[in-house]
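Only one structure is covered here, and it is reproduced in the block below.
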Protein chains: 2
Amino acid sequence: MSKDSCRPYHHGNLFQALINTALELLQEQGSWQFNLREVARRTGVSHAAPYRHFSDKTALLTELALVGFDALGDALSASRQPENPVQQQLLAAAMAYVAFADANPALYRLMFSADAGNREDVHLSQRAQNTFTVVLALLEQGRREGVFNGKRPLQSQALACWAEVHGLALLAIDGLLLPEKVGNDPVSAALSTLVEGLGA
Amino acid sequence: MSKDSCRPYHHGNLFQALINTALELLQEQGSWQFNLREVARRTGVSHAAPYRHFSDKTALLTELALVGFDALGDALSASRQPENPVQQQLLAAAMAYVAFADANPALYRLMFSADAGNREDVHLSQRAQNTFTVVLALLEQGRREGVFNGKRPLQSQALACWAEVHGLALLAIDGLLLPEKVGNDPVSAALSTLVEGLGA
DNA sequence: ACCTGAACACCGTTCAAGT
DNA sequence: ACCTGAACACCGTTCAAGT
């Protein structure tokens with residue numbers, strides 16, 4: 001995309017290049033257990049170069065997770081169809097969510113694993129909370145329209161939705177959603193069960 | 001517990017001793033990213049000794065996951081109170097489930113992470129399915145008693161329950177259930193929302 | 001200002017020996 | 001039959017130099 005793309009870095013933006021390579025490795029190896037040395041190798045720099053841009057392997061992983069949350073946010077935005085009834089909107093958002101996780105399993109896992117090196121990174125848990133916000137908005141709309149009930153606190157219902165979707169995403173990623181056992185569209189079926197509980 | 005517990009292994013059952021040490025490290029470090037060498041060290045054997053009992057670090061991890069599933073099964077059994085109405089039983093089982101995950105975060109994560117080295121270990125996914133079975137039984141009972149509806153296929157409802165509980169467990173583990181935002185008992189509140197969807 | 005090469009400590013794994 | 005010690009390849013990280 002830039003003027004001379006034969007040797008894009010070495011004095012271009014190695015920062016981005018490293019992130020891209022790392023995303024590739026994440027996808028290929030199915031986990032964040034790749035080595036920094038190979039990231040460097042694949043990017044065409046010495047194994048010490050990344051340390052000029054990331055203090056740590058953990059720092060790289062954190063950056064990847066942030067990219068992931070942005071991408072998830074974009075996917076959810078893209079799936080929005082405000083002209084539909086709220087139930088359908090909620091379903092559609094949930095399907096888009098699970099589809100994202102299914103398409104980027106290692107990235108999705110990384111986003112949520114305090115396991116990695118993610119510790120209590122404020123940025124991360126805040127972005128995770130943003131996902132939560134999307135659900136909240138739809139639930140509020142549903143209540144205003146009288147489609148959803150107010151039996152439970154709004155926050156509880158939102159949490160129920162998020163947990164459901166998060167759980168389905170992870171079960172899907174880990175190959176625990178066997179279609180023979182659970183029907184050909186387990187996700188929408190399971191979600192419908194939940195949405196019924198929200199009905200007025 | 002055996003006759004001479006001063007030096008329990010060296011010629012006792014090193015197999016079990018290694019597993020126990022590994023479980024400790026798992027709990028302490030909060031992830032399966034400990035090293036085999038330290039497991040050996042803490043167990044009082046050379047770093048090569050474990051390879052006499054486990055072909056691999058992955059093999060050890062798989063064993064830990066199996067232990068975990070057994071423990072989870074025990075926890076669920078212990079929480080059974082057949083005299084209560086089904087909704088309460090379902091709630092109680094779910095609470096026990098989340099409590100287990102909360103008490104053994106790293107172990108619970110390991111149990112479900114294809115991430116580790118768990119690959120498609122048949123034993124594991126089968127034990128995971130067993131958890132699923134418990135839910136199925138309760139749902140069936142609920143239907144027989146006319147307390148739960150049959151709007152959706154049984155399998156879908158069971159999946160919805162499992163995903164909900166799995167999702168809550170992981171959100172709890174990863175510290176995303178902030179009590180200020182979500183009430184003092186987010187889990188039971190979220191679950192109630194789901195159970196309402198099952199009502200006849 | 002950014003990158004390289006050598007170096008350090010450490011880990012997973014193997015294997016020839018030891019008891 | 002089970003364990004040890006040395007050894008190998010490899011990784012994360014650092015740092016003195018290079019441009």
Side-chain angles (χ1 to χ4, degrees), chain A residues 2-22 24-26 28-65 106 110 113 115-119, chain B residues 2-22 24-26 28-65 106 110 113 115-119:
Chain A
S2 66
K3 28 204 166 167
D4 196 341
S5 52
C6 298
R7 304 213 234 65
Y9 4 94
H10 276 297
H11 8 65
N13 50 346
L14 183 54
F15 182 83
Q16 263 303 322
L18 288 170
I19 289 183
N20 293 338
T21 307
E24 281 175 34
L25 284 171
L26 198 60
E28 278 181 38
Q29 315 207 157
S31 97
W32 51 270
Q33 294 261 144
F34 51 78
N35 27 230
L36 262 196
R37 284 173 111 107
E38 184 165 2
V39 176
R41 214 174 297 144
R42 287 260 270 254
T43 313
V45 293
S46 87
H47 62 260
Y51 288 88
R52 215 45 39 195
H53 299 270
F54 301 97
S55 64
D56 228 340
K57 182 180 179 182
T58 301
L60 211 207
L61 293 179
T62 302
E63 201 60 38
L64 294 183
L110 174 63
S113 64
D115 212 6
N118 271 337
R119 358 199 147 278
Chain B
S2 65
K3 29 203 166 167
D4 195 342
S5 53
C6 299
R7 304 214 234 64
Y9 5 93
H10 276 296
H11 9 63
N13 50 347
L14 184 52
F15 181 84
Q16 262 304 322
L18 289 170
I19 289 182
N20 293 339
T21 307
E24 281 175 35
L25 284 172
L26 198 59
E28 278 181 37
Q29 316 207 154
S31 97
W32 51 270
Q33 294 260 144
F34 51 77
N35 27 226
L36 263 196
R37 282 172 114 108
E38 185 166 0
V39 176
R41 214 174 296 144
R42 286 258 270 256
T43 314
V45 294
S46 86
H47 62 260
Y51 288 87
R52 216 43 40 195
H53 299 270
F54 300 96
S55 63
D56 229 339
K57 182 180 179 182
T58 301
L60 210 209
L61 293 181
T62 301
E63 201 60 37
L64 294 183
L110 174 63
S113 64
D115 213 7
N118 271 337
R119 0 201 144 277

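So you know, we letter chains A, B, ... as the sequences are listed, proteins then strands, and number each from 1.
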Minimum heavy-atom separation for [X] to [Y], with atom names?
X	Y	answer
Ala106(B)	Leu26(B)	CB-O, 3.3 Å
Ala40(B)	Ser46(B)	CB-O, 3.4 Å
Arg42(A)	Glu24(A)	NH2-OE1, 4.0 Å

Show which side-chain atoms of residues 47-55 of chain A pair as donor or acceptor with protein atoms under 3.5 Å away, not counting sequence neighbours.
none

Strand DNA chain C as a dot-bracket string - pairs counted if Watson-Crick or G-U with both distances under 3.5 Å, | where the partner lies in another strand: ||.|||||...|||||.||
Below 3.5 Å is the cut-off: list the nitrogen or oxygen pairs between protein and nucleotides 8-15 of chain D, distance only.
from    : atom 1 : to       : atom 2 : distance (Å)
dC11(D) : OP1    : Asn35(A) : OD1    : 2.9
dC11(D) : O5'    : Asn35(A) : OD1    : 3.1
dG12(D) : OP1    : Leu36(A) : N      : 3.1
dG12(D) : OP2    : Leu36(A) : N      : 3.0
dG12(D) : OP2    : Arg37(A) : N      : 3.2
dG12(D) : N7     : Arg37(A) : NH1    : 2.4
dG12(D) : O6     : Arg37(A) : NH1    : 2.9
dT13(D) : OP1    : Asp56(A) : OD1    : 2.5
dT13(D) : OP2    : Tyr51(A) : OH     : 2.8
dT13(D) : OP2    : Lys57(A) : N      : 3.2
dT13(D) : O5'    : Tyr51(A) : OH     : 3.3
dT13(D) : O4     : Arg37(A) : NH1    : 3.3

Distance in angstrom units between Asn13(A) CG and dC2(C) P, rounded: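 Nearest whole value for this atom pair: 12 Å.
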Without decimals, in angstroms, what is the distance between Phe15(B) CZ and dA1(D) P?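 Interatomic distance, CZ of Phe15(B) to P of dA1(D): 18 Å.
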When rounded to the nearest 0.5 angstrom, what is the spacing between CG in Asp56(A) and CD in Glu63(A)?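 The CD atom of Glu63(A) is 13.0 Å from CG of Asp56(A), to the nearest 0.5 Å.
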Rounded to the nearest 0.5 Å, what separates atom CG in Leu110(B) from atom CH2 in Trp32(B)?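 Going from CG on Leu110(B) over to CH2 on Trp32(B), the span is 8.5 Å.
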With sequence neighbours excluded, residues passing side chain to side chain contact (heavy atoms under 4.5 Å, CB included) with Gln29(B):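 Here the qualifying residues are Leu25(B), Phe34(B), Glu38(B).
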If the test is side-chain contact (heavy atoms from CB on, under 4.5 Å), which one of Leu64(A), Asn13(A), Thr43(A) qualifies with Ile19(A)?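 Of all the options given, the one that passes is Leu64(A).
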